[in-house]
Peer 1: 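One structure coming up, written as structure tokens, with questions to follow.
Numbers here are sequence positions counted from 1.
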Amino acid sequence: VVLGGGNREARATEAARIKKYFPDLKIITTGGDNEFPLSAAATSESLIKERMKMEDMEIIKLPGRDTESEALGVSRYLKENRKSKIILVTGAIHMPRAILFFEAAGVKCFPSPARRQHRGFGSLIADSLIPSISSLKETHLAIREFVGFLWAKFKVGYLVPEPEKN
């Protein structure tokens, strides 16, 4: 399962890497409204097909406006297809919150974070002590995910998958 949003190119690359090792796995992309041609799910689908060089490969697209709705949609799809486990592809910083929602929806996750480039440490010079725009952006993302994780922990008590129909 490749979540929409974030760095879609890194997520598509990770999904393509997994598919090479496990060719029988189905790829599910999530995010946005499937009626809109440039939804997150559709964009991820085209990027994965480009990475795999397989335009005819079947990719399942599921809508979702946020991680919670994506988790519930994937859970419904898996139950309909008698499956319960996924390899979850998303950004490393988003992974803990995503796993929380998916597991609350009854989906067992094996995390596979999209790769991030390590810029290295370099030498300590005066310039390295001055805040930069990119550092502020990274800090903003970390704080946002931390607050989102706390909110998700609170909300998970209310996140109940739909009852199964007999």
Peer 1: If you take all heavy atoms of C109 and L88, which pair is closest and at what distance?
Peer 2: SG-CD2, 4.2 Å

Peer 1: Is a side-chain N or O of K19 found less than 3.5 angstrom from the main chain of L25, in a donor-acceptor match?
Peer 2: yes

Peer 1: Test of understanding: with side chain to side chain contact (heavy atoms under 4.5 Å, CB included), list the residues that count as partners of P111, not counting sequence neighbours.
Peer 2: M95, I99

Peer 1: I need the minimum non-hydrogen distance between A92 and P96, along with the two atoms involved.
Peer 2: O-CD, 3.7 Å

Peer 1: Is E70 salt-bridged to R65, cutoff N-O under 4.0 Å?
Peer 2: no

Peer 1: Can any side-chain N or O of N7 pair as donor or acceptor with the backbone N or O of E9 at less than 3.5 Å?
Peer 2: yes

Peer 1: Excluding sequence neighbours, so at least two apart, what forms side chain to side chain contact (heavy atoms under 4.5 Å, CB included) with D24?
Peer 2: none

Peer 1: Is it the case that one hydrophobic cluster holds both V147 and F154, taking links as side-chain heavy atoms less than 4.5 Å apart, direct or via other members?
Peer 2: no

Peer 1: Out of curiosity, R17 CZ to I48 CD1, how far, rounded to the nearest 0.5 Å?
Peer 2: 13.0 Å

Peer 1: Looking at CZ of F102 and CG of L78, how far apart are the two atoms once the value is rounded to the nearest 0.5 Å?
Peer 2: 8.5 Å

Peer 1: Indicate the atoms forming the closest heavy-atom contact of G5 with A40, along with that distance.
Peer 2: N-CB, 4.0 Å

Peer 1: More than 12 heavy atoms of other residues, nucleotides or ligands under 6.0 Å from CG of L136: yes or no?
Peer 2: yes

Peer 1: Measuring from atom CZ of F101 to atom CG of L72, what distance do you get when rounded to the nearest 0.5 angstrom?
Peer 2: 9.0 Å

Peer 1: If you compare all heavy atoms of I18 against all heavy atoms of S112, which two are closest, and at what distance to 0.1 Å?
Peer 2: CD1-OG, 3.4 Å

Peer 1: What distance separates I87 CD1 from E14 CD, expressed to the nearest 0.5 Å?
Peer 2: 9.0 Å

Peer 1: Looking at A105, is its backbone amide N or carbonyl O close enough to the side chain of S75 to form a donor-acceptor pair, meaning the two atoms are under 3.5 Å apart?
Peer 2: yes

Peer 1: Of the non-hydrogen atoms in L100 and K153, which two are nearest, and what is the gap between them?
Peer 2: CD2-N, 3.5 Å

Peer 1: Among V74, T30, I28, find the residue that satisfies the side-chain contact (heavy atoms from CB on, under 4.5 Å) test when tested with L3.
Peer 2: T30

Peer 1: Side chains of T29 and E45 only: does a donor on one sit below 3.5 Å from an acceptor on the other?
Peer 2: no

Peer 1: State, without any angle test, whether S44 and R11 hold a side-chain donor-acceptor pair at a distance under 3.5 Å.
Peer 2: no

Peer 1: Is it possible for you to say whether I143 and I133 belong to one hydrophobic cluster, with membership spreading through side-chain heavy-atom contacts below 4.5 Å?
Peer 2: no

Peer 1: Would you name the heavy atoms of L62 and G73 that are closest together and state the gap between them?
Peer 2: CD1-O, 4.0 Å

Peer 1: Within the structure provided, determine whether Y77 and K26 are in side-chain contact (heavy-atom separation under 4.5 Å).
Peer 2: yes

Peer 1: Do K155 and E68 meet the salt-bridge criterion of a basic N to acidic O distance under 4.0 Å?
Peer 2: yes

Peer 1: Nearest 0.5 Å, what's the CD-OG1 distance between E50 and T13?
Peer 2: 9.0 Å

Peer 1: Are K108 and F110 in a cation-pi contact, defined as NZ or CZ under 6.0 Å from the six-membered ring centre and within 45° of the axis?
Peer 2: yes

Peer 1: Test side-chain contact (heavy atoms from CB on, under 4.5 Å) on L47 and R51 and set out the steps.
Peer 2: CA-CA 6 Å; L47 286 168; R51 299 286 186 284; 4.0 Å; yes

